[in-house]
Peer 1: 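Below is the structure I would like to discuss, written out as C-alpha cells.
Naming convention: chains lettered A, B, ... in sequence-line order (proteins, then strands); numbering from 1 in each chain.
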Amino acid sequence: MAPVTLKKLVKSYGNVDVVHGIDLEVKDREFIALVGPSGCGKSTTLRMIAGLEDISGGVVEIGGRPVNDLPPRARNISMVFQSYALYPHMTVRENMGFSLKIGKVAQSEIDTRVNEAAAILDLDKYMDRRPSQLSGGQRQRVAMGRAIVRKPDVFLFDEPLSNLDAKLRTQVRTEIKRLHARVQATMIYVTHDQVEAMTLSDRIVIMRDGHIEQVGTPEEVFKRPATRFVAGFIGSPPMNLNEATIADGKLVFAGGQTLPLPIEFRSRVSAGDRVIFGLRPDDMYPTGHGLNSGEATDVHEMELPVSITEPLGNETLLFVTMAEREWVSRMLNPRPMDAGEVVRFSFDLSQAHLFSPETGKTLRS
Amino acid sequence: MKLPKLSAPTLLLLPAIIVLAAVIVLPLLFSLYSSFTPFRLTKPESIWVFIGFRNYVSVLTNYEFWTAFGRTVVLLTIALNAEMFLGLGLAMLVNKATRGQRILRTLMMFPMMFSPVLVGFQFKFLFNDNIGFVNNALQSLGVTTSAIPWLIDGNLALFSIIVAEVWSSTSVFAILILAGLLAMPQEPVEAARVDGCTPWQTFRYVTWPYLMPFAFIAMTIRSLDVARAYDIVKIMTDGGPAKRTELLWTLVGRTAYSDARMGLANAMAYIAILLSILFTVYFFRKLAAARQQIGAEW
Ligand SMILES: Nc1ncnc2c1ncn2[C@@H]1O[C@H](COP(=O)(O)OP(=O)(O)O)[C@@H](O)[C@H]1O
Ligand SMILES: [Mg+2]
C-alpha cells in the first residue's frame, strides 16, 4: 500500500521559490500525471518525492509515513529518467539486476526477476549488450526494466518518452499503460505532453509556475477546466479563447461581433462584465459536421468565411476569422472546401466556457 | 652540376626535416652508437672503438643497476598510488565545493608551477635533521624527543623523496580526475541512489568506473615522469646515503659524468627507456579497456 501525499510542498533555490506549497494526494495504485509547460516545476516536485532534491518546506509522505529525511534508497521507489541514466559500464542484465544485487537479493532470485522483466519488455536478445550498443528505444526499455525489477511501491517517471521518435513514443506509451495494469503500483508520471498525460493517467495534475492549477480525471480537466490556463493547455488543437464583454444577454467581441450568452452562464454574469469566452474547435463546426449535431441544446448558427483548411483525412481543421481573431474549427466527415468559401457554422454554446480575465478562474460554479 | 628535381612540398619541408634530423635524430643515433663503444668523456678517441653488446652485458649483470632499477619501480608504485588516492580525494573535495571552485582549482595547480629543483631544495630544507621544519614541529609538539635523521637514514630518505614527489605532482591526478568528475553525467549517479546505493556504493559501482580512464591517463603521464625522476633526488640526497636512494637516472647521470663512462651510461639509458615503454603500454591497455567499459565516445 503506497499512497503518496504532498503537503504544502515548497522548493526554493536561494530565495527563488520554484514550487510554491503544493498539496496533492495520490491514491495507492493510481496512475497520476504531472503535466505543464517546461520549467513549471514538475521535475523538481518529482525529484523531491524521490529524495534526489532537498525539500525546502512541507511534507512528502509515502505509504502514510513522512519521508522528508529518508535518502532515496530508503523510500522503495523506482525512477525512470528522461536520459535513461543507464550504467554505461554494465550490461543490460547487470543494469537491470543492479538494485537487487545492492539489496543483497540471492542470485537465483535476481536471475528470475531479471528474466521475467526482460520477457515483459522483449529484451531477451540484448541481455549481454552494453547500453552504448542499444538503440534509444531499447535503452528506454532497459530503464523501465530496471525500474520493474525492484518491485517498488512507487514508480516515478520523468518525461521518459521525450527522447523517442513519434512512432516509438505511442508504442512505448501503450507499453507503460499495460505495465501499470500488470504491476499494480502507484505511478507518478511527469510530462509536458498533454496527450501522454490524457491517454495514460487516472488523474491529471496540471501545473503552472510552481502551482497546481487543477487536479482531475482526463475527462474532468477536458470538459470542465478550472482555469483559462488549463483550458488552453489541454486539448489539441487548443480551445479558442477570446475576450468579450457582456451586454444585454450577449457576448460582444472586438469589432462588435456578437454571440448569445450561453444559457448556463446567464445568472453568473451581469452587463458590462469582461470575460474570456472559450469554445473548443469540436464545438464550432460547419453545420451538420459536428460531434453531437442534432442533440445539442444551445446552438447558435452564423455564416463565416474560411481562410485556411487543413485536411487530416477523417477530419479537417478550418481556420476562420471572427471578431478580428483566428478561430479553429474541427469538421468531421469532411467535404472538400476551398479557402475563402463562406460556410454556415454551428456554435454549441452548451459546451462553452467563461473565465474571469483577472483571476483566470472559471465562472462556472 | 645538376641537382635532382624535388617537388615543391618536399622542398618546402626540407628545412624542417633538416632541423629535426639535426636536433633529434642525430643525437639519438649518436647516443645509440656510443652505447656500443667504451666512450669516455676523458678519452674522446674511445668513441671509435666498437665493442658490440659489451656495455649492455655489463649493465645487465651489474648488481648496482638492478638495485636502482628495483628502487625506481618501488618509488613509482608507492608514489603513483599515493598520488592517485590523494588526487582523487582532492578532486572530490573541490568538486563538492559550492563556491570558490575556480580559486581552488588554481591553488591545486600551484605545486606544478614549481621547478623540481626548487621542490628538491624546499623539501631538503623541510626534512633537514637539525634546522628542518618537520623535526622542529615534531619536537615542539612533543611527538619525538630526538631529531629524526630524515635524509640520512636510507629508508627515511626514500620516504622523504616520495613525499616531495607526491607533493609536487598529486595535482596531475587531481586535475585529470576533476575533469572526469565535471564531465560525468549526473543521472547515473542519481539512478544509483534510487536503486538503493549508499554513498560509498554509488562511488564504488558508478562514479569510479567512470573516472578510471582519467586516472589511467594520469598514471601514464606520471609513470613516465617518475621513471625519469632525477632532479628532486639529485638535490635532496644525490642518491645517498651510501647509494640507498640511487634511482635509474641518477645512476645514469653519475656513470656518465662523475665516472665519465658515457658509453656505459648510454647503454643503461636505453635499457631504462624500456621500463618507461613498458609502463606506457601497460597503462594504455588499461585505459583502452576502461574507456570501452564506460562506452566512452572519446
Ligand atoms: N539548481 C537550480 N537552481 C536554480 N533554479 C533551478 C534549479 N533547478 C531548476 N531550477 C528552476 O526551477 C524551475 C523548475 O524546474 P523543473 O522542475 O526542472 O521544471 P520542469 O517542469 O520543466 O521539469 C525552473 O524554472 C528552473 O529554472
Ligand atoms: Mg523536467
Peer 1: Distance check, rounded to the nearest 0.5 Å: Glu190(B) atom CD versus Met79(A) atom CE?
Peer 2: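 It is 7.0 Å, given to the nearest 0.5 Å.
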
Peer 1: Where on Pro209(B) is there a heavy atom nearer than 4.5 Å to chain A: the side chain, the backbone, both, or neither?
Peer 2: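 When you check distances to chain A, only side chain atoms of Pro209(B) fall under 4.5 Å.
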
Peer 1: Checking Tyr87(A) side chain against Ala192(B) main chain: does a donor-acceptor pair fall under 3.5 Å?
Peer 2: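 Flag set: sc Tyr87(A) to bb Ala192(B) pair under 3.5 Å.
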
Peer 1: Given a strict heavy-atom distance threshold of 4.5 Å, which part of Ile77(A) is in contact with chain B: side chain, backbone, both, or neither?
Peer 2: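 It is both, since atoms from each part get that close.
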
Peer 1: So with a 6.0 Å cut-off around CZ of Phe159(B), is the heavy-atom count from everything else above 12?
Peer 2: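 12 or below, so no.
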
Peer 1: Would you find more than 12 non-hydrogen atoms of other residues, nucleotides or ligands less than 6.0 Å from Glu109(A) atom CD?
Peer 2: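 Counting neighbours around CD of Glu109(A), more than 12 heavy atoms of other residues, nucleotides or ligands fall under 6.0 Å, so yes.
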
Peer 1: What closest approach, in Å, do Asp195(B) and Ser99(A) show between heavy atoms, and which atom pair accounts for it?
Peer 2: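 Scanning both residues, the minimum pair turns out to be O-CB, 3.3 Å.
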
Peer 1: For the CG atom on Leu20(B), are there more than 12 heavy atoms of other groups (residues, nucleotides or ligands in this structure) within a distance under 6.0 Å?
Peer 2: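 More than 12 heavy atoms, drawn from other residues, nucleotides or ligands, come within 6.0 Å of this atom.
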
Peer 1: Need one label for Arg75(A): side chain, backbone, both or neither, based on atoms under 4.5 Å from any heavy atom in chain B.
Peer 2: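 No part of it gets close to chain B.
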
Peer 1: How long is the gap from OH on Tyr205(B) to NZ on Lys101(A), to the nearest 0.5 Å?
Peer 2: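 Taking OH in Tyr205(B) and NZ in Lys101(A), the distance rounds to 5.0 Å.
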
Peer 1: Can you say whether Ser83(A) sits under 4.5 Å from chain B via the side chain, the backbone, both, or neither, judging by heavy atoms?
Peer 2: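 Looking at Ser83(A), just its side chain touches chain B.
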
Peer 1: Grab the two heavy atoms, one from Phe98(A) and one from Cys197(B), that are nearest each other, plus how far apart they are.
Peer 2: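 Minimum heavy-atom contact is CE2-SG, 3.4 Å.
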
Peer 1: Could you tell me which portion of Gln201(B) (side chain, backbone, both or neither) has an atom closer than 4.5 angstrom to a non-hydrogen atom of chain A?
Peer 2: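 For Gln201(B), side-chain heavy atoms alone lie under 4.5 Å from chain A.
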
Peer 1: Are more than 12 heavy atoms, taken from residues, nucleotides or ligands other than Asp124(A), located less than 6.0 Å from that residue's CG atom?
Peer 2: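 Enclosed.
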
Peer 1: Considering all heavy atoms of both residues, which atom of Arg73(A) and which atom of Gly196(B) are nearest to each other, and what is their separation?
Peer 2: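 Looking at all heavy atoms of both residues, the shortest contact is CB-CA, 3.2 Å.
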
